[in-house]
Amino acid sequence: MNTNTTDNFSQSLQAPEAEPERQYYFMDRARQLLREKIRQAGRPLTFCVVTFGCQMNARDSEKLKGILERIGYVKAQGEEADFVIYNTCTVRENANLRVYGRLGYLHSLKKKNPHMRIALCGCMMQEPQVVEKLKKSYRFVDLVFGTHNIYKLAELLVQVFEQDSMVVDIWKDTDRIVEDLPVDRKYSFKSGVNIMFGCNNFCSYCIVPYVRGRERSRRPEEILKEIGSLARDGVKEVMLLGQNVNSYGKNLPEPMSFAALLRKAAEIPGIRRIRFMTSHPKDLSEELIRAMAETPKVCPHLHLPLQSGSTRILEKMNRRYTKEQYLELVGRLRKAMPDISLTTDIIVGFPGETEEDFLETLDVVEKVRFDSAFTFLYSRRTGTPAASMEDQIPEEVMKDRFDRLLKRVQDIARECCARFQGQTKDVLVEQVNEQDPTLVTGRMDNNLLVHFPGEPSLIGRMVPVHLDSCRGFYYLGTRRD
Ligand code: SAH
Ligand code: SF4
Ligand code: F3S
């Protein structure tokens, strides 16, 4: 990303107070310190950032990579690198356990590589008991930071280089958004764009509001400037990211609705597709439905987490809508956009969920016919209201419901997927097919995957493809130019 900040900061003795200038100063300092280490090692030093969790974490990782590249680290293919960052997730317990499991492996690598440094950041680090455990039993970790200060990586790295003990910097919350830091994007042709951070909804099962802090919207000028510069850089598709994009802009000095932001983003030349996630059903406005229907660049796809189909459970979850309101909303969406693809998240086994409640969830699945659904076993997260609710559901009961739900969800998704057969759709080509190098793989506007014969030079291009046959959850096609 372009900024006016240059190497000149290395000349000044005092770190500037203002951001992002301060971080550019520390990137230069870190670069000097790293240069000496590279000289000692007699080889380039490499980095690897491993992302656990959602698109928001993936976007944060791109920022971490941008900073490390600017400092002079070279990207490694795997975790046998000289600087490894785990950007962690803690939304469910298994995400959390995976991190501990892999840390053991990192320790074994570090024993063999004296240059190796290990950093942990992201949502899991915002949990005090996690940090305590790391301090006690994982002393080989060099740096621990949280979700609110990822922009400070360069400054923290300088500290790691200068002091040879564990550096820990976790903030409880922040009202600050630092713009204009370097970013290393995973794809040249599509990108996530944060429009807001944090969450104020406090669904009773969810740890995200505790680890991501209060909701903060970025200023529309900053968002549109970023999308404009991505477009000039060849990006054709953007995904606007927030835990609840429908409440975007409510707390800005000059409030702006998400629908208005979408329309503005669509005016940016070069951008062909706009996606967004996630939408909370309670805040989905008529204005947004209209904006989606009237703006061709906005993809006809909506991820609309249901969580449960039982009004009783939805109330205990603090979701603030009923089964009927959800179904009615789906009706309005389909009326405005008959071909829209709807996807969802569902939790089974929330405390107190009865067989009847579960059947209500299945009933919504039958009625809505989701194009796909992520299904989760309820996971008890420390500190959330649901963790201390009575009537936690036994594992076997949860698993049985999960299996029944998954089967139904998959059968319906397969049927929904097939409805485009015989049509020709624009496909944004993403990569050479992993199994068959004569094919390329891309996505339609509704997010379905299509494989078709084509050259690698098509990557990043939008091409019309005839959908020959549906194979479950994807299509085989032929290019039609
Ligand atoms: N902000 C988004 C979701 C973020 S978390 C939203 O409101 O939709 C992604 C998904 O993880 C959630 O939709 C939910 O289905 C699931 N999830 C969150 N906490 C969970 C928990 N404690 N156990 C199981 N699944 C959970
Ligand atoms: Fe979690 Fe609910 Fe916020 Fe989504 S809206 S992040 S599920 S608290
Ligand atoms: Fe996980 Fe944090 Fe995302 S807990 S789901 S990485 S916001």
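Start at 1 and go down the list; that is how both ligands and their atoms are numbered.
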S.K.: Is it the side chain (CB and beyond), the backbone, both or neither of N244 that lies under 4.0 Å from ligand 2, heavy atoms counted?
M.R.: neither

S.K.: Do you see an N/O/S atom of C54, backbone or side chain, under 2.8 Å from atom 3 (Fe) of ligand 3?
M.R.: yes

S.K.: To the closest 0.5 Å, what do you measure between NZ (K152) and CD1 (I67)?
M.R.: 12.0 Å

S.K.: Determine whether the side chain, the backbone, both or neither of M124 has a heavy atom under 4.0 Å from any heavy atom of ligand 3.
M.R.: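 For M124, there is no contact with ligand 3 at all, from either part.
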
S.K.: Could you go step by step and tell me if R332 and E328 meet the salt bridge (Lys or Arg N to Asp or Glu O under 4.0 Å) rule?
M.R.: CA-CA 6 Å; R332 279 190 283 135; E328 191 262 337; 3.1 Å; yes

S.K.: Supply the atom-to-atom distance N200 CG to N251 CG, rounded to the nearest 0.5 angstrom.
M.R.: 7.0 Å

S.K.: Counting C-beta onward and ignoring hydrogens, is there a side-chain heavy-atom pair between R272 and L428 closer than 4.5 Å?
M.R.: no

S.K.: Mind checking whether T278 has an N or O less than 3.5 Å away from an N or O of ligand 1?
M.R.: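 No; the residue has no nitrogen or oxygen that sits under 3.5 Å from a nitrogen or oxygen of the ligand.
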
S.K.: Do any nitrogen or oxygen atoms of S379 lie less than 3.5 angstrom from nitrogen or oxygen atoms of ligand 1?
M.R.: yes

S.K.: Is any side-chain heavy atom of M317 closer than 4.5 Å to a side-chain heavy atom of Y378?
M.R.: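 Not touching, per the 4.5 Å side-chain cut-off.
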
S.K.: When you compare the side chain of M277 with that of M239, does any pair of heavy atoms fall below 4.5 Å?
M.R.: yes

S.K.: At a 4.0 Å cut-off, with the gap strictly under it, does some heavy atom of L377 reach an atom of ligand 1?
M.R.: yes

S.K.: Against heavy atoms of C123, which atoms of ligand 3 measure under 4.0 Å?
M.R.: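 Here the atoms of ligand 3 in question are 2 (Fe), 4 (S), 6 (S), 7 (S).
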
S.K.: One residue to check: Q243. Relative to ligand 1, which of side chain, backbone, both or neither has a non-hydrogen atom less than 4.0 Å away?
M.R.: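 It is both parts that get close, each with some atom under 4.0 Å.
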
S.K.: Scan R419, H303, H301 and name whichever one has a side chain to side chain donor-acceptor pair (under 3.5 Å) with D371.
M.R.: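 Only match with D371 under side chain to side chain donor-acceptor pair (under 3.5 Å): R419.
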
S.K.: In this structure, is the centre-to-centre distance between the rings of F376 and F402 below 6.0 Å?
M.R.: no

S.K.: Is N244 near ligand 1, meaning one of its heavy atoms is under 4.0 Å from it?
M.R.: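 No, that is not the case, since the closest heavy atom of the residue is not under 4.0 Å from the ligand.
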
S.K.: Below 4.0 Å, non-hydrogen atoms only: which portion of R319 touches ligand 2? Side chain, backbone, both or neither.
M.R.: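 Contact part for R319 vs ligand 2: side chain (C-beta onward).
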
S.K.: If you draw a 6.0 Å radius around CD in E395, do more than 12 non-hydrogen atoms from other residues or ligands fall strictly inside?
M.R.: no

S.K.: What is the nearest protein non-hydrogen atom to atom 1 (Fe) of ligand 3, stated with its residue, atom name and distance?
M.R.: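 The protein heavy atom lying closest is C89 SG, 2.4 Å.
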
S.K.: Heavy-atom distances under 4.0 Å are what count here, so tell me which part of Y205 touches ligand 2: side chain, backbone, both or neither.
M.R.: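 Within the 4.0 Å criterion, Y205 contacts ligand 2 through side-chain atoms alone.
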
S.K.: Of the choices M56, R92, Q307, which has the non-hydrogen atom that lies closest to atom 25 (N) of ligand 1?
M.R.: R92

S.K.: Mind running salt bridge (Lys or Arg N to Asp or Glu O under 4.0 Å) on E355 and R404 for me, showing each step along the way?
M.R.: CA-CA 12 Å; E355 176 66 16; R404 282 149 67 203; 2.5 Å; yes

S.K.: For atom 5 (S) of ligand 2, grab the closest protein heavy atom and report residue, atom and distance to one decimal in Å.
M.R.: N201 ND2, 3.4 Å

S.K.: Any idea which part of E93 is under 4.0 Å from ligand 1, heavy-atom wise: side chain, backbone, both or neither?
M.R.: neither

S.K.: Have a look at ligand 1 and work out which part of F376, if any, has a heavy atom under 4.0 Å from it: side chain, backbone, both or neither.
M.R.: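 Within the 4.0 Å criterion, F376 contacts ligand 1 through side-chain atoms alone.
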
S.K.: Assess V208 for proximity to ligand 1: is some non-hydrogen atom of it under 4.0 Å away?
M.R.: no

S.K.: Apply the salt bridge (Lys or Arg N to Asp or Glu O under 4.0 Å) test between E430 and each candidate in K190, K236, K186; give the one that qualifies.
M.R.: K190

S.K.: Of the side chain and backbone of P305, name the one, both, or neither that has a heavy atom under 4.0 Å from an atom of ligand 2.
M.R.: neither

S.K.: Among all protein heavy atoms in this structure, tell me which lies nearest to atom 1 (Fe) of ligand 2, with the distance rounded to 0.1 Å.
M.R.: C206 SG, 2.3 Å

S.K.: Pairs of nitrogen or oxygen atoms closer than 3.5 Å, one from Y378 and one from ligand 1: do any exist?
M.R.: no

S.K.: Show which atoms of ligand 3 fall inside a sub-4.0 Å distance from at least one heavy-atom site of N57.
M.R.: 6 (S)

S.K.: Does a side-chain heavy-atom distance below 4.5 Å link Q307 with Y326?
M.R.: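 Contact flag for Q307/Y326 side chains = no.
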
S.K.: Measuring from atom CD1 of I347 to atom CE of M398, what distance do you get when rounded to the nearest 0.5 angstrom?
M.R.: 10.5 Å

S.K.: Taking 4.0 Å as the limit for heavy-atom contacts, which would you say applies to P305 with ligand 1: side chain only, backbone only, both, or neither?
M.R.: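 Under 4.0 Å from ligand 1, P305 contributes side-chain atoms alone.
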
S.K.: State whether the number of non-hydrogen atoms from other residues, nucleotides or ligands found under 6.0 Å of F374 atom CZ is greater than 12.
M.R.: no

S.K.: When you measure from the heavy atoms of M56 to every atom of ligand 3, does any distance fall below 4.0 Å?
M.R.: no

S.K.: Report yes or no: does R381 have a heavy atom closer than 4.0 Å to ligand 1?
M.R.: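 Contact present.
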
S.K.: Does C199 bring an N, O or S atom to within less than 2.8 Å of atom 1 (Fe) of ligand 2?
M.R.: no

S.K.: What residue among K63, K75, K65 forms salt bridge (Lys or Arg N to Asp or Glu O under 4.0 Å) with D184?
M.R.: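 Among K63, K75, K65, the one that satisfies the salt bridge (Lys or Arg N to Asp or Glu O under 4.0 Å) with D184 is K75.
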
S.K.: Among all protein heavy atoms, pick the one closest to atom 10 (C) of ligand 1 and tell me residue, atom and distance.
M.R.: D345 OD2, 3.4 Å

S.K.: For atom NZ of K282, decide whether the heavy atoms of other residues, nucleotides or ligands shown that lie under 6.0 angstrom number more than 12.
M.R.: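 Enclosed: over 12 neighbouring heavy atoms sit under 6.0 Å from NZ of K282.
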
S.K.: Give the atom numbers and elements of ligand 2 that come within less than 4.0 Å of a heavy atom of V208.
M.R.: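 That gives atoms 6 (S) of ligand 2.
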
S.K.: Using a 6.0 Å distance limit plus a 45 degree cone around the ring axis, check whether K425 lies over the aromatic ring of Y475.
M.R.: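 Geometry flag: not set, cation outside 6.0 Å or 45°.
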
S.K.: What is the closest protein heavy atom to atom 7 (S) of ligand 3, and at what distance does it sit?
M.R.: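 Looking only at protein heavy atoms, the one closest to atom 7 (S) of ligand 3 is Q243 NE2, 3.3 Å.
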
S.K.: Provide, to 0.1 Å, the distance between atom 2 (Fe) of ligand 2 and the closest protein heavy atom, together with that atom's residue and name.
M.R.: C203 SG, 2.3 Å

